[in-house]
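Structure record follows, encoded as structure tokens.
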Amino acid sequence: MVASSGLEGVIWRKARASESANGCLEVAFLGDGRVAIRDNEDLDNPPFVVTAHVWRCFMDGAQKGEFDAAG
């Protein structure tokens with residue numbers, strides 16, 4: 001994890017599936033390539049900030065279904 005300072009004014013995005021409700025993760029793409037992640041139900045906790053490499057690895061796994069719950 002990388003320090004989460006300097007996040008003032010970033011644009012937070014969330015999935016379309018959760019646009020009408022809270023209870024989702026939001027992401028912000030930072031100018032230096034890092035990605036900030038926050039839980040919009042608990043804004044008192046600081047965002048989790050990861051490097052571009054970590055984000056790419058996570059997204060690759062998500063797209064391949066590696067995090068799907070076992071059925």
Side-chain angles (χ1 to χ4, degrees):
M1 183 171 84
V2 181
S4 62
S5 62
L7 299 180
E8 300 80 18
V10 300
I11 298 171
W12 291 97
R13 296 181 166 96
K14 62 182 178 177
R16 280 186 227 127
S18 62
E19 284 181 351
S20 63
N22 284 334
C24 66
L25 293 178
E26 297 177 329
V27 299
F29 298 96
L30 309 179
D32 61 2
R34 296 177 302 152
V35 179
I37 305 158
R38 71 179 182 184
D39 178 353
N40 73 354
E41 286 187 319
D42 190 6
L43 297 178
D44 289 332
N45 273 332
F48 188 73
V49 180
V50 297
T51 64
H53 172 74
V54 169
W55 179 252
R56 284 191 305 272
C57 291
F58 173 78
M59 291 302 297
D60 182 66
Q63 291 168 349
K64 292 178 180 174
E66 294 174 5
F67 309 124
D68 294 350

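Just so you know, residue 1 is the first one in the sequence shown, and it goes up from there. These numbers come from the heavy atoms of this one structure, side chains and all, not from hydrogens, waters or symmetry mates.
For the pair Asn45 and Arg38, the minimum side-chain heavy-atom distance is 4.5 Å or more. Put simply, the side chain of Val54 does not reach to within 4.5 Å of the side chain of Val35, judged on heavy atoms. Contact annotation: the side chain of Val27 approaches that of Trp55 to within less than 4.5 Å [non-hydrogen atoms, C-beta and beyond].
Atom OG1 of Thr51 is separated from atom CG of Leu30 by 11.5 Å, given to the nearest 0.5 angstrom.
Take Asp68 and apply the side chain to side chain contact (heavy atoms under 4.5 Å, CB included) test, not counting sequence neighbours, and it matches no residue.
Ring pair Phe67/Phe58 is parallel by interplanar angle, where below 30° counts as parallel and above 60° as perpendicular.
Annotation for Ile11: atom CD1 does not count as buried by contact number, only 12 or fewer foreign heavy atoms lying within 6.0 Å.
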Apply the test side-chain contact (heavy atoms from CB on, under 4.5 Å) to residues Leu25 and Asn40: give CA-CA distance (whole Å), side-chain angles for both, the deciding distance (0.1 Å), then the verdict.
-> CA-CA 6 Å; Leu25 293 178; Asn40 73 354; over 6 Å; no
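Between Arg34 and Val49, the closest heavy-atom pair is NH1-CG1, 3.5 Å. In plain terms, the two heavy atoms of Pro47 and Ala36 that are nearest each other are CB-CB, 4.4 Å.
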